[in-house]
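Step one of this worksheet: look at the structure below.
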Amino acid sequence: MFEDHPLFTLKNIYRAYCRCRRHKRKTFNAMIFEQNLEENLVALHEELTAGTYLPGRSVAFLITKPKQREIFAADFKDRVVHHILVGELEPRWERRFIHDSCACRKGKGTHKGVERLRSFTRKVTANGTRRAWYLQLDIRGFFITLNRNILYERLIARERDPAVKWLIQIILFNEPARNCRFRDAVRSDFECLPPHKTLFKADSGCGLPIGNLTSQFFANVYLDALDQFVKHCLKVQYYVRYCDDVVLLSENRAALEDYEVRIREFLQNALHLELNDRRRLRPVSDGIDFLGYIVRPDYLLVRRRVVAACRERLIRAEEECKNSIFALRMIRWHWPMIEATYRLLNSYLGHFQKASAYRLITGLRRRFPWLDEYFIWIPNSKNKIFALRKPNYILAYSCPRLRPPLRLSQQKVRLCRQLPGHILVVQVGNFWELWGGGFDLPKNLRRFPDSRLPEVREILWASGFPVAWIRETGTHVTRIAERDIVCRWTGRDQVLLSVFLSSGRKRS
């Protein structure tokens with residue numbers, strides 16, 4: 001049917017597979033598909049060229065945060081086909097999309113949307129010198145009430161290739177709710193959701209599954225009509241949209257009220273959608289709750305719900321850390337939890353660093369002092385944190401970076417003052433030196449090559465003394481190497497004691 005079509009060549013299918021497995025290669029479905037990769041890709045190639053491809057069963061499950069909603073995860077083979085279709089359609093539609101549509105597009109995203117909105121708040125208020133208003137609208141049950149027939153007409157209006165039209169029809173009119181597998185839920189759990197929140201209660205010909213790449217792209221195509229109407233018919237200058245969340249700004253409150261009426265009529269007549277009743281029409285000075293931030297002309301704040309979720313996750317990690325340590329008296333046992341906390345904190349700090357969050361991050365460190373035993377915090381690099389990928393018993397130390405003095409002797413004096421009572425292991429070129437700090441060290445350990453580093457590491461760990469490791473950073477001032485503290489062992493007993501004392505209990 002579609003023999004030798006460039007869209008369904010093995011080379012193009014393999015490229016789509018590589019895009020699909022990105023950041024997903026360790027998932028169960030991806031590994032199952034990769035076990036017989038060549039056979040699966042050839043079989044998919046034959047199905048597409050013969051026109052016999054049909055989507056498989058999706059996995060349906062519920063999430064509760066930030067709010068309860070259903071997710072349909074397509075089979076891995078179907079996700080490869082989604083990447084084939086989106087890769088073909090996206091370049092042509094990107095030229096049509098407006099600049100201020102920020103959802104699920106290359107070079108866009110939540111942070112770009114927030115930055116764009118913040119620049120609009122500065123412009124509309126003339127850098128805070130005049131009063132302005134914002135109107136925030138939300139579409140009611142967008143993915144569930146979206147009309148697929150209207151979407152199909154918009155998609156094929158710009159397509160001449162019969163293979164692309166066929167694939168659009170197969171994917172768009174697939175009904176995942178009719179033949180799906182449930183994970184950690186049963187059918188009755190989905191039926192308890194409101195009608196505008198589940199595909200199981202959607203009207204005929206309506207609804208897209210949340211969780212597919214094609215659904216995200218189709219949503220932008222569907223709401224592009226709204227974008228064109230707002231920009232070209234209403235002539236709104238300050239307008240930002242992220243999926244179904246829309247923000248308009250103006251100096252005139254009455255103009256925004258008129259925009260709301262005309263947008264509501266357009267959505268009902270042209271797209272068969274309805275606006276939510278919880279719209280906001282307030283001064284810009286009150287702050288705009290948008291994409292996890294409170295946006296103001298002169299600064300950003302992190303949304304309270306995001307901060308509460310971060311604290312809740314850290315409290316849970318703290319309890320797991322305490323229970324594992326005091327149950328087994330081992331540090332190695334809970335290291336996977338430490339790595340999970342590392343990923344969690346990096347994720348939240350990537351969100352926090354865009355806002356004015358210095359006090360927030362300082363408060364988290366004060367509330368959870370055990371974080372300093374495992375991670376290095378570097379405030380000079382936008383409050384990111386880094387964890388060392390070292391053996392399980394090595395703990396990172398919280399400290400600022402050291403400024404490189406002119407001589408090695410000055411570095412020795414500064415490090416000894418900063419870390420009193422520690423054995424300092426310092427890199428000097430291809431050798432390592434041990435600076436005593438009051439300890440009587442053997443002569444054969446005071447200077448040793450890299451080859452003896454594993455042996456010395458085990459000796460120092462067995463001693464139980466506090467040890468600080470200082471490595472060359474690769475930066476040189478004239479001919480003097482800059483050195484920085486990469487990690488610190490507080491001693492095994494001290495580690496258990498510090499975690500125990502933070503739990504508020506007495507040591508037995």
Side-chain angles (χ1 to χ4, degrees), residues 20 24 26-33 53-82 103-104 138-152 169-219 222-223 242-245 267-268 271-279 292 303 305-306 308-310 312-313 315-316 319-320 340 344:
C20 182
K24 303 287 185 180
K26 294 183 179 181
T27 59
F28 178 77
N29 290 334
M31 290 189 289
I32 292 295
F33 190 87
Y53 165 77
L54 290 175
R57 299 179 67 186
S58 299
V59 177
F61 58 94
L62 296 172
I63 61 173
T64 57
K65 292 182 180 181
K67 54 186 176 182
Q68 191 175 36
R69 64 179 62 181
E70 65 179 13
I71 303 294
F72 286 88
D75 188 65
F76 191 84
K77 181 187 74 171
D78 299 330
R79 281 183 265 170
V80 174
V81 179
H82 295 169
C104 305
D138 180 59
I139 298 176
R140 184 173 182 270
F142 169 65
F143 280 98
I144 307 302
T145 59
L146 180 147
N147 192 299
R148 284 178 285 179
N149 295 312
I150 297 176
L151 175 59
Y152 181 70
Q169 186 176 14
I170 289 295
I171 294 177
L172 182 59
F173 291 100
N174 177 47
E175 298 284 354
R178 292 183 179 177
N179 184 23
C180 65
R181 294 181 286 111
F182 297 101
R183 188 178 75 188
D184 300 330
V186 294
R187 178 67 179 266
S188 59
D189 296 332
F190 292 83
E191 293 178 349
C192 293
L193 296 173
H196 65 281
K197 292 287 187 180
T198 175
L199 283 179
F200 293 98
K201 299 181 181 179
D203 296 335
S204 177
C206 294
L208 288 178
I210 300 176
N212 290 348
L213 176 66
T214 51
S215 299
Q216 300 169 359
F217 175 73
F218 289 160
Y222 198 77
L223 289 181
Y242 190 93
C243 197
D244 60 337
D245 198 355
L267 289 175
Q268 291 176 350
L271 301 179
H272 298 177
L273 297 174
E274 296 181 359
L275 288 178
N276 253 326
D277 295 332
R278 58 173 187 272
R279 59 89 159 162
R303 193 178 185 184
R305 188 172 71 184
V306 177
C310 178
E312 180 182 351
R313 298 281 294 275
I315 290 173
R316 194 183 313 158
E319 293 298 325
E320 293 178 5
L344 167 72

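- In this structure Glu191 satisfies the salt bridge (charged side-chain N to carboxylate O under 4.0 Å, His left out) test together with Arg187, sequence neighbours excluded.
- Atoms CZ and CG, on Phe182 and Asp189 in that order, are 9.0 Å from each other to the nearest 0.5 Å.
- Take Cys310 and apply the side-chain contact (heavy atoms from CB on, under 4.5 Å) test, not counting sequence neighbours, and it matches Leu314, Tyr348, Phe352, Leu364.
- Tested against Leu273 for a side chain to side chain contact (heavy atoms under 4.5 Å, CB included), the candidates Asn147, Leu223, Asp244 yield a single pass: Leu223.
- The ring-ring contact (aromatic ring centres under 6.0 Å, His included) test applied to Phe142 returns no partner, not counting sequence neighbours.
- When all heavy atoms of Ala74 and His82 are compared, the closest pair comes out as CB-CE1, 3.9 Å.
- Scored by the side-chain contact (heavy atoms from CB on, under 4.5 Å) test, Asp203 finds Cys206 as partners (sequence neighbours excluded).
- Taking the side chain as every heavy atom from C-beta outward, Leu172 and Phe218 approach each other to under 4.5 Å.
- Side-chain atoms of Tyr222 and Leu151, non-hydrogen and from C-beta on, do get closer than 4.5 Å to each other.
- For Lys197, the salt bridge (charged side-chain N to carboxylate O under 4.0 Å, His left out) criterion is met by no residue, not counting sequence neighbours.
- Residues forming a side-chain contact (heavy atoms from CB on, under 4.5 Å) with Glu70 (at least two apart in sequence, or on another chain): Leu62, Phe72, Ile144, Phe190, Leu193, Thr198, Leu199, Phe200.
- Not counting sequence neighbours, Tyr242 has no partner by the ring-ring contact (aromatic ring centres under 6.0 Å, His included) test.
- With sequence neighbours left out, the side chain to side chain donor-acceptor pair (under 3.5 Å) criterion links Asp78 to Tyr53.
- The CD atom of Gln216 sits 8.0 Å away from atom SG of Cys243, with the distance rounded to the nearest 0.5 Å.
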Please tabulate, for the side chains in residues 173-180, all donor-acceptor contacts under 3.5 angstrom to protein atoms that are two or more places apart in sequence or on a different chain.
{"from": "Glu175", "atom 1": "OE2", "to": "Arg148", "atom 2": "NH1", "distance (Å)": "3.4"}
{"from": "Glu175", "atom 1": "OE2", "to": "Arg148", "atom 2": "NH2", "distance (Å)": "2.8"}
{"from": "Asn179", "atom 1": "OD1", "to": "Arg57", "atom 2": "NE", "distance (Å)": "3.2"}

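- Partners of Arg279 according to the side chain to side chain donor-acceptor pair (under 3.5 Å) rule, which considers only residues two or more places apart in sequence or in another chain, are Glu260.
- Evaluation of the side-chain contact (heavy atoms from CB on, under 4.5 Å) rule for Glu274 yields Arg140 as partners, not counting sequence neighbours.
- The side-chain heavy atoms of Ser215 and Ile210, taken from C-beta on, include no pair separated by under 4.5 Å.
- If you run side chain to side chain contact (heavy atoms under 4.5 Å, CB included) between Val81 and each of Leu213, Ile171, Asp75, only Ile171 comes through.
- Partners of Asn276 according to the side chain to side chain donor-acceptor pair (under 3.5 Å) rule, which considers only residues two or more places apart in sequence or in another chain, are Asp138.
- Between Leu208 and the choices Leu146, Thr214, Thr145, the side chain to side chain contact (heavy atoms under 4.5 Å, CB included) rule is met once, by Leu146.
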